[in-house]
Novice: 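Structure below; questions to follow.
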2 protein chains.
Amino acid sequence: MDTALKALAEPRRREILRLVWSDELGATAIADRFPDVSRPAISQHLAVLREAALVTERRDGTRRLYRANPQTMAELRRFLDDFWTSGLERLRDVAEAAEHRARSRPGHDTDPDTRTDTDTHTDKETH
Amino acid sequence: MDTALKALAEPRRREILRLVWSDELGATAIADRFPDVSRPAISQHLAVLREAALVTERRDGTRRLYRANPQTMAELRRFLDDFWTSGLERLRDVAEAAEHRARSRPGHDTDPDTRTDTDTHTDKETH
DNA sequence: GCATTGAGTAAGTTGACACTTACGTAAGTC
DNA sequence: GACTTACGTAAGTGTCAACTTACTCAATGC
């Protein structure tokens, strides 16, 4: 998953992914869209995308046709959605915790020094 | 925007971002969460996040308090959502831009199930 | 078989980057 | 003013990654 994000962080690879999103394209056809870069460079980018499972490869004669892998894209999207929303949940948790404190201990709502310890994060990236 | 994605591609920076998502934390407090890395390393990570506008900095005495910048996060999320969902339309843009050399022919019937109504999005990556 | 096409691989270069230690510095404390 | 705290910055190092050119390899056509 980390591999996929790193692969996506490269603009050229995002372009490539867009090219093979709906169309199956051979490596040469892809490289032709990038006149400023050599064909082996594209080949290496494709290898990175393939290792990240962001594209699938299919052989047809001497050609290798690439296409975006929607499954990995969906997984990555879910991972990022989790990333965004987990933060929001943390915000909500903090707010609720504050509310609980205020409600269960009326008159003692100031507890400023123990507040910054939110050790409640589940390690989502190590898998 | 590209800067933000690259900043996010680093796992350690994602962790930092999560830490300061809801809480404002000083650089030392953040660095204390990462016993395996030196404090200057965290400082440099924070600089990257700051340049990407993923965090905001506020000074309080000798301390600098960091917090996640929800605006940039939202922009980045929108950018990625665009990437997932409108990949098809964007691909068509690229294809048509490449074919712009060809004469504009009315009734040109290549790819009958692709329709071109994508005038509404301007280049979102270059800013 | 042999040349051609379509592609990955090898090897080297360059630059970015994630770190390290050492130092500099602004703001409070005495 | 001297000291401490809380940082950032400088300078150096090792690693990785995005390229390049040169080559190798597999499938097809003749």
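First the proteins, then the strands, lettered A, B, ... as listed; each starts at 1.
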Novice: Mind checking salt bridge (charged side-chain N to carboxylate O under 4.0 Å, His left out) for A/R13 and listing every partner two or more places apart, or none if nothing turns up?
Specialist: none
Novice: Are the aromatic rings of B/W21 and A/F83 close, with centres under 6.0 Å apart?
Specialist: yes
Novice: How bent is the helix from C/dG1-D/dC30 to C/dC30-D/dG1, measuring the angle between the end axes built from five pairs each, rounded to 10°?
Specialist: 10°
Novice: Could you tell me which residues satisfy side-chain hydrogen bond (donor to acceptor under 3.5 Å, both in side chains) with A/E24, sequence neighbours excluded, listed by chain and number?
Specialist: A/R58
Novice: Starting at CG of B/D2 and ending at P of D/dA18, how long is that distance when rounded to a whole Å?
Specialist: 12 Å
Novice: Considering residues at least two apart in sequence or located in another chain, which fulfil the salt bridge (charged side-chain N to carboxylate O under 4.0 Å, His left out) criterion with A/D81?
Specialist: B/R77
Novice: Does anything in residues 60-67 of chain B come within less than 4.0 Å of DNA chain D? Heavy atoms only, and list the residues if so.
Specialist: B/T62, B/R63, B/R64, B/Y66
Novice: Not counting sequence neighbours, which residues clear side-chain contact (heavy atoms from CB on, under 4.5 Å) with B/A74? List them please.
Specialist: none
Novice: Show me, pair by pair, the donor-acceptor contacts under 3.5 angstrom made by side chains of residues 66-73 of chain B, not counting sequence neighbours?
Specialist:
{"from": "B/Y66", "atom 1": "OH", "to": "B/R50", "atom 2": "NH2", "distance (Å)": "3.4"}
{"from": "B/N69", "atom 1": "OD1", "to": "B/Q71", "atom 2": "N", "distance (Å)": "3.2"}
{"from": "B/N69", "atom 1": "ND2", "to": "B/A53", "atom 2": "O", "distance (Å)": "3.1"}
{"from": "B/N69", "atom 1": "ND2", "to": "B/T72", "atom 2": "OG1", "distance (Å)": "3.3"}
{"from": "B/T72", "atom 1": "OG1", "to": "B/A53", "atom 2": "O", "distance (Å)": "2.6"}

Novice: Using side-chain contact (heavy atoms from CB on, under 4.5 Å) as the criterion, list what pairs up with A/T62, not counting sequence neighbours.
Specialist: none
Novice: Return the value, rounded to whole Å, for the distance between atom CG of A/L25 and atom P of C/dA7.
Specialist: 10 Å
Novice: Between protein and nucleic acid, restricted to nucleotides 17-24 of chain C and to nitrogen or oxygen atoms under 3.5 Å apart, what atom pairs and distances do you find?
Specialist:
{"from": "C/dA18", "atom 1": "OP1", "to": "B/E10", "atom 2": "OE1", "distance (Å)": "3.2"}
{"from": "C/dA18", "atom 1": "OP2", "to": "B/R13", "atom 2": "NH1", "distance (Å)": "2.8"}
{"from": "C/dA18", "atom 1": "OP2", "to": "B/R13", "atom 2": "NH2", "distance (Å)": "3.2"}
{"from": "C/dC19", "atom 1": "OP1", "to": "B/R12", "atom 2": "NH2", "distance (Å)": "2.7"}
{"from": "C/dC19", "atom 1": "OP2", "to": "B/H45", "atom 2": "NE2", "distance (Å)": "2.4"}
{"from": "C/dC19", "atom 1": "N4", "to": "B/Q44", "atom 2": "OE1", "distance (Å)": "3.4"}
{"from": "C/dT20", "atom 1": "OP1", "to": "B/S38", "atom 2": "N", "distance (Å)": "3.4"}
{"from": "C/dT20", "atom 1": "OP2", "to": "B/S38", "atom 2": "N", "distance (Å)": "2.8"}
{"from": "C/dT20", "atom 1": "OP2", "to": "B/S38", "atom 2": "OG", "distance (Å)": "2.4"}
{"from": "C/dT20", "atom 1": "O4", "to": "B/Q44", "atom 2": "NE2", "distance (Å)": "3.0"}

Novice: Rounded to whole Å, how long is the line connecting atom CD1 of A/I42 with atom P of D/dT21?
Specialist: 14 Å
Novice: Taking only residues two or more places apart in sequence, or in another chain, which ones meet A/R12 in a salt bridge (charged side-chain N to carboxylate O under 4.0 Å, His left out)?
Specialist: A/D36
Novice: Taking only residues two or more places apart in sequence, or in another chain, which ones meet A/T3 in a side-chain contact (heavy atoms from CB on, under 4.5 Å)?
Specialist: A/A52
